[in-house]
Amino acid sequence: MRARPLLAAACLLAAAAAGAREVIPRGEPTPAASRRTPVVAAVERIRGAVVNVAAEELVPIRVPSRQGGDVDIFGFFERPRYRKGYAVTSLGSGVIVSSDGYVLTNNHVVERGARFRVGLVDGRELTAKLIGTDPSSDLAVLRLETRERLPAVPIGRSEELLIGETVIAIGNPFGLASTVTTGVVSAVHRNFKAGDRTLFDFIQTDASINPGNSGGPLLDIEGRLIGINTAILGDRSAGIGFAIPIDRARRIAEDLIQHGEVREGYLGASVDDLPAREGAMPGTSGGVQVTGVDPGSPAERSGLRRGDVVEAMDGTVPAGAEEFRFRLRDLPIGASVRLDLRRGQQRLSVTVPAVELTPQRVEQLVQRRVGVALEEARATGGVVLAIRAVTKGTPAAKVGLQKGDLVREVNGLEVATLDEFRRAAAGARRTGQLVLLVQRGYAAERIAFDLD
């Protein structure tokens, strides 16, 4: 009697299995075209231009003991032996921006590398040559060593971005190659703190960006490159990532490719923060004050005066002197900036063109802002760079620099000639600070000066 319900149940299951098509209809296959969204189409077009970048550093590698361990046949420890070898010290992403193999990535991905291996989406691996870097913007340019024409990403315009529009990030987070994430533009022209530095004018996005995404592309919905993924806020992104706008990245990359360095525009004006208004947050004083105008500079010829308050530059209010200096350094040579000024009770605007900061202008800038004049001198072992004169009342005089002191380094770079000093000081200006290693007798000291 008990077997009948079990037998009936088994029969029902068999019947259901036999007629499964009728009981649970499968429906019509979904056409692939209906799933190929604009994001899918963009990724299909661009995925081949996204690469993985491995930077290898030349480091000591321990050689295994001939005895197979660390003890010799007499029971004494052998002294470890080492040889020079390459080891991967950084992994990141990059994007091919031209069919002849130029790759954009981050400076912090390649800065410790002695050689570079780049992985393509099809599994091939190519070597790459470092063309140039710009640490102040965290950008680097590599060139793949191949004669093959490569897939390249089309370049968009970051200035045209809309808050809320869809963006796509592709990269190599945690070593997971060709990872695609999507999100929106959360903000543009975003400034944020990274350690003790303030970084200016970034695209903020909630597209997931993680370690290994650095240097990868941020794309718009049509697959055009609009940013280079660079940073997250804190240890975990929590939906807050930042990308270098492509308009800035493109200008820097073109300078690195054509000139081997970033050429800076020069106006010839120094500025400082305005006193904070009572109860106001830092950096919200509503402009900056001009503290000096270089003789014969574009700023002087355009009518800028010491004491003027710059309330806006090209319509944007600078949050402080640091942001003002950043935006001027980002100005292409030959372009102009409109400054809205307050001069006493008067309101006026001036347009100041940016000229190239030549090596000679760099030396003059150091002499005016720091207060030292330099010369090459003969010494045992060759040429050295010596201080020829110190101007009274300048920062150099206040810290006690004297005629005859030797300048050995500029921002960590050894210098022995005026040409070497000029090149190093031009690079230092991009950081806003000139750090000199000064030697007097057997004593040496590093001294930092503002070089806005």
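Note that these values count all heavy atoms, side chains included, but never hydrogens, waters or copies made by symmetry. Every value quoted in this text rests on a predicted model; they were computed, and no experiment measured them.
- Atom CZ of residue R361 and atom CZ of residue R422 lie 13.5 Å apart, to the nearest 0.5 angstrom.
- Between T205 and S186, the side chains place no donor N or O within less than 3.5 Å of an acceptor N or O (distance only, hydrogens not considered).
- A salt bridge is defined here as a Lys NZ or Arg NE, NH1 or NH2 lying under 4.0 Å from an Asp or Glu carboxylate O, and R124 with E148 meets this definition.
- The backbone N or O of L176 sits nowhere less than 3.5 Å from a side-chain atom of S178 that would complete a donor-acceptor pair.
- If you check the side chains of N213 and S93, you find no donor sitting under 3.5 Å from an acceptor.
- With D273 contributing its side chain and A321 its backbone, the two residues share a donor-acceptor pair below 3.5 Å.
- Looking only at side-chain heavy atoms (C-beta outward), E44 and R36 come within less than 4.5 Å of each other.
- One side chain, R149 or S99, offers a donor N or O that lies under 3.5 Å from an acceptor on the other.
- The structure places CG of D308 at 5.0 Å from CG of L341, a figure rounded to the nearest 0.5 Å.
- Nearest heavy-atom pair, P353 versus P298, reported as atom, atom and distance to 0.1 Å: O-CB, 3.3 Å.
- Here D201 does not pair with R190 in a salt bridge; the nearest charged N to carboxylate O distance is not below 4.0 Å.
- Within the 3.5 Å criterion, the main-chain N or O of A55 finds no donor-acceptor partner in the side chain of R117.
- When only modelled atom types and interatomic distance are considered, T417 and D419 share no side-chain donor-acceptor pair under 3.5 Å.
- For the pair E165 (side chain) and L162 (backbone), a donor-acceptor distance under 3.5 Å is present.
- At least one donor-acceptor pair closer than 3.5 Å links the side chain of E376 to the backbone N or O of L418.
- Separation of atoms CD1 (I209) and OG1 (T179) is listed at 12.5 Å; rounding is to 0.5 Å.
- Side-chain atoms of D220 come within 3.5 Å of backbone atoms of R224 as a donor-acceptor pair (strictly under, hydrogens ignored).
- Between the D255 side chain and the I252 main chain, no donor and acceptor come within less than 3.5 Å of each other.
- At most 12 heavy atoms of other shown residues, nucleotides or ligands fall within 6.0 angstrom of atom CZ in R147.
- No salt bridge links E261 with R423; every basic N to acidic carboxylate O contact stays at or beyond 4.0 Å.
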Practice task
Apply salt bridge (charged side-chain N to carboxylate O under 4.0 Å, His left out) to the pair D294 and R368, showing each step before the final yes or no.
Solution key: CA-CA 8 Å; D294 295 338; R368 282 193 295 266; 3.2 Å; yes
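- A 4.5 Å side-chain heavy-atom check between V310 and D340 finds every atom pair outside the cut-off.
- With values rounded to the nearest 0.5 angstrom, L365 atom CG is found 9.0 Å from S270 atom OG.
- Closest approach of G400 to R440, counting heavy atoms only: O-NH2, 2.9 Å.
- The residues K129 and E145 are annotated as not salt-bridged, no charged nitrogen and carboxylate oxygen being separated by less than 4.0 angstrom.
- Rounding to the nearest 0.5 Å gives a distance of 11.0 Å between CE of M313 and CZ of R338.
- Both the sub-6.0 Å distance and the 45° axial angle are satisfied by R248 relative to the ring of F202.
- Using modelled atom types, no side-chain atom of D138 and backbone atom of N106 make a donor-acceptor pair closer than 3.5 Å.
- D100 and S98 form a side-chain donor-acceptor contact under 3.5 Å, judged by distance and modelled atom types alone.
- To the nearest 0.5 Å, atom CD1 of residue I168 and atom CG of residue L225 are 11.5 Å apart.
- Look at R157 and D247 and you find a salt bridge, because one of the NZ, NE, NH1 or NH2 atoms lies within 4.0 Å of a carboxylate O, short of that distance.
- For V390 against K403, the heavy-atom pair with the smallest separation is CG2-N, 4.3 Å.
- Panel note: side chain N107, backbone A140; no donor-acceptor pair is recorded below 3.5 Å.
- E300 places a side-chain N or O within donor-acceptor distance of the main-chain N or O of G296, the cut-off being under 3.5 Å.
- Under the 4.0 Å criterion applied to side-chain N and carboxylate O atoms, E409 and R446 are assigned as salt-bridge partners.
- Residues V366 and L434 form a side-chain contact, since some pair of their non-hydrogen atoms from C-beta on lies under 4.5 Å apart.
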